[in-house]
Enquirer: 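Okay, handing you the structure first.
One-based numbering, in listed order, for ligands and for the atoms of each.
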Amino acid sequence: MTQNECPGLDLFPDRAPVRKPGPASWLLRGLALEDEAAVLAGLNRILSASPLRNMTTPNGMMSVRTSSCGDFGWVSDQRGYRYAPLDPHSSQPWPEMPEVFYKLAHTAAARAGFGDFVPDSCLINQYAAGSGMGLHQDKNERSFDQPIVSVSLGIPAVFLFGGMKRTDPAVKIPLYHGDVMVWGDEDRLRYHGVMPVQPGHHPILANHRINLTFRKAG
Ligand SMILES: O=C(O)CCC(=O)C(=O)O
């Protein structure tokens, strides 16, 4: 990844521990590595109870595979997106949010100045090479008072962080295993997305990128 691929962020050394891509947005490099083994063990437990699947949206099949944990899971079908307390595959509640997930999300938010973050939903996205996510706003949550905490694991990806309009220019932020992005307050409704992931290999997650997105949904 060259500096030229990150327009707007080339003032920051690429692996600087903290970047601030917006007034209320933070990139905390490697924060999730502190509890890496426990986070990955928690992930495995969740996915054995609620496996990853390709959901459909009103625009077609998603290229990422998803699951969830916590009180609310993010679900989508031809009718649209919403949060639901039950996994539609099993009709059972989503797996409980592991304590280490909650702690990671809470710590990241607190470091970014959001001391009272209480996530009740964690969406798990799995990207294979070629999968990406178009620019979108997170706005299905009941309130926008709480931030979004987004954890990257596995092979790298380029995160697109735009403005309040879909057409606003987006900066490209390379994200690596263990990086955590937090955005809230005036940045809470920024458009964001993920460029199609390039093929790669990670020693634990092989040829995949996993993203954990923590939100207060209900
Ligand atoms: O995978 C990512 O880094 C972002 C995921 C995302 O934007 C979402 O799930 O809404």
Side-chain angles (χ1 to χ4, degrees), residues 1 6 9 19 21-22 25-32 39 43 46-47 50 52-59 61-70 72-76 80-84 94 97 101 104-105 108 112 119-141 144 146-164 166 168 170-184 187-198 200 202 205 207-217:
M1 185 70 56
C6 314
L9 285 178
R19 287 180 174 183
S25 313
W26 297 79
L27 166 55
L28 307 166
R29 288 272 186 225
L31 183 69
V39 168
L43 180 65
I46 294 161
L47 297 185
S50 277
L52 292 159
R53 76 291 304 260
N54 288 101
M55 290 205 192
T56 303
T57 74
N59 302 321
M61 186 81 90
M62 293 176 72
S63 68
V64 297
R65 299 202 303 152
T66 63
S67 183
S68 285
C69 68
F72 300 98
W74 185 89
V75 298
S76 178
Y81 323 124
R82 63 202 168 274
Y83 287 98
W94 294 99
M97 190 181 298
F101 277 34
L104 172 59
D120 57 11
S121 173
C122 172
L123 167 64
I124 300 162
N125 293 306
Q126 186 202 55
Y127 298 75
S131 313
M133 194 174 286
L135 284 173
H136 63 280
Q137 291 172 299
D138 287 0
K139 55 181 188 184
N140 287 112
E141 298 71 38
F144 304 141
Q146 299 254 334
I148 306 289
V149 173
S150 177
V151 177
S152 289
L153 300 168
I155 63 174
V158 177
F159 189 71
L160 297 169
F161 200 53
M164 297 301 162
R166 190 187 293 278
D168 287 343
V171 290
K172 294 178 181 172
I173 305 176
L175 295 178
Y176 304 97
H177 181 68
D179 290 348
V180 183
M181 283 275 306
V182 183
W183 63 99
D187 289 335
R188 174 64 179 69
L189 289 175
R190 275 183 186 252
Y191 275 87
H192 58 279
V194 178
M195 290 181 70
V197 167
Q198 298 299 308
H202 182 270
L205 293 171
N207 51 357
H208 289 116
R209 170 178 189 257
I210 294 277
N211 163 260
L212 310 175
T213 295
F214 294 91
R215 306 183 180 108
K216 170 84 173 104

Enquirer: Ignoring hydrogens and angles, tell me if any N or O in the side chain of R209 forms a donor-acceptor pair with the backbone of Q126 under 3.5 Å.
Expert: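 Checking the backbone N and O of Q126 against the side chain of R209, no donor-acceptor pair under 3.5 Å is found.
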Enquirer: Counting N and O atoms only, with roles assigned by atom type, does the side chain of D187 sit under 3.5 Å from a partner on the main chain of S25, one being a donor and the other an acceptor?
Expert: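 It does hold such a pair.
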Enquirer: Can you tell me if S76 uses its side chain to pair, donor with acceptor, with the backbone of T56 under 3.5 Å?
Expert: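 It does hold such a pair.
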Enquirer: Counting N and O atoms only, with roles assigned by atom type, does the side chain of S131 sit under 3.5 Å from a partner on the main chain of S63, one being a donor and the other an acceptor?
Expert: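 Side chain of S131 to backbone of S63, a donor-acceptor pair under 3.5 Å: yes, one is there.
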Enquirer: Please tabulate protein-ligand N/O pairs under 3.5 Å for ligand 1, atom names and distances to 0.1 Å.
Expert:
from: ligand 1; atom 1: 1 (O); to: Y127; atom 2: OH; distance (Å): 2.5
from: ligand 1; atom 1: 1 (O); to: R209; atom 2: NH1; distance (Å): 2.8
from: ligand 1; atom 1: 1 (O); to: N211; atom 2: OD1; distance (Å): 3.4
from: ligand 1; atom 1: 3 (O); to: R209; atom 2: NH1; distance (Å): 3.3
from: ligand 1; atom 1: 3 (O); to: R209; atom 2: NH2; distance (Å): 2.9
from: ligand 1; atom 1: 3 (O); to: N211; atom 2: ND2; distance (Å): 3.3
from: ligand 1; atom 1: 7 (O); to: H136; atom 2: NE2; distance (Å): 3.1
from: ligand 1; atom 1: 7 (O); to: H192; atom 2: NE2; distance (Å): 3.1
from: ligand 1; atom 1: 9 (O); to: N125; atom 2: ND2; distance (Å): 3.0
from: ligand 1; atom 1: 10 (O); to: H136; atom 2: NE2; distance (Å): 2.8
from: ligand 1; atom 1: 10 (O); to: D138; atom 2: OD1; distance (Å): 3.4
from: ligand 1; atom 1: 10 (O); to: R215; atom 2: NH2; distance (Å): 2.9

Enquirer: Applying the side-chain contact (heavy atoms from CB on, under 4.5 Å) test to L153, which of D179, I210, N211 qualifies?
Expert: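 When D179, I210, N211 are each tested with L153, the side-chain contact (heavy atoms from CB on, under 4.5 Å) holds only for I210.
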Enquirer: Using the side-chain contact (heavy atoms from CB on, under 4.5 Å) rule, pick out the option among S150, S68, S67, C69 that qualifies with L123.
Expert: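 Only one option passes, and that is S68.
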